[in-house]
Amino acid sequence: MKISARNALKGKIVEVTKGATTSHVKIDVGGTVVTASITNASVDELGLAVGKDAYAVIKASDVMVGVD
């Protein structure tokens, strides 16, 4: 897989919840769960299912940093 995004986090799918048109896909990345909202069509086309390896790809023009 070649992409331009700098943040591709490899993990394992732990949950796929389909709605009317959009799915929520949860990926466990080293103990932290990242949730993506994607179309049901994309879930089907990519063959996403619990237990499969996947990448959470984060593409953003800005990243904020916060502290307590």
Side-chain angles (χ1 to χ4, degrees):
M1 175 178 80
K2 291 186 177 186
I3 55 173
S4 63
R6 294 180 184 226
N7 301 303
L9 309 172
K10 188 173 183 179
K12 192 166 293 288
I13 298 172
V14 294
E15 185 178 323
V16 178
T17 306
K18 281 190 170 184
T21 59
T22 304
S23 293
H24 291 134
V25 180
K26 294 186 179 187
I27 303 172
D28 184 323
V29 179
T32 298
V33 176
V34 177
T35 304
S37 295
I38 63 174
T39 65
N40 290 338
S42 291
V43 169
D44 295 339
E45 289 172 18
L46 294 171
L48 302 181
V50 171
K52 285 192 155 187
D53 288 337
Y55 290 87
V57 180
I58 301 163
K59 178 75 174 176
S61 57
D62 297 303
V63 176
M64 293 184 206
V65 176
V67 297
D68 287 323

(request) Kindly write out the residues that satisfy side-chain hydrogen bond (donor to acceptor under 3.5 Å, both in side chains) with Thr39, not counting sequence neighbours, or none if the list is empty. (result) Ser42
(request) Could you list the residues that satisfy salt bridge (charged side-chain N to carboxylate O under 4.0 Å, His left out) with Lys10, not counting sequence neighbours? (result) none
(request) For residues 19-40, pull every pair meeting salt bridge (charged side-chain N to carboxylate O under 4.0 Å, His left out), keeping only residues two or more places apart or in separate chains. (result) none
(message) Checking one residue: Val29. Which other hydrophobic residues are in its cluster under the side-chain 4.5 Å linking rule?
(response) Leu9, Ile13, Val16, Val25, Ile27, Val34, Ile38, Val43, Leu46, Leu48, Ile58
(message) Could you work out, with side chain to side chain contact (heavy atoms under 4.5 Å, CB included) as the rule, every residue matching Ser37, not counting sequence neighbours?
(response) Thr22, His24
(request) Among residues two or more places apart or on two chains, list those pairs meeting side chain to side chain donor-acceptor pair (under 3.5 Å) that have a residue in residues 49-58. (result) Lys12-Asp53
(message) Does anything in residues 37-48 form a salt bridge (charged side-chain N to carboxylate O under 4.0 Å, His left out)? List the pairs, not counting sequence neighbours.
(response) Lys18-Asp44
(request) Tell me, please, which residues at least two apart from Thr17 pass side chain to side chain contact (heavy atoms under 4.5 Å, CB included). (result) Glu15
(request) List in chain and number order the residues that pass side-chain hydrogen bond (donor to acceptor under 3.5 Å, both in side chains) with Asn7, two or more places apart in sequence or in another chain; answer none if no residue qualifies. (result) none
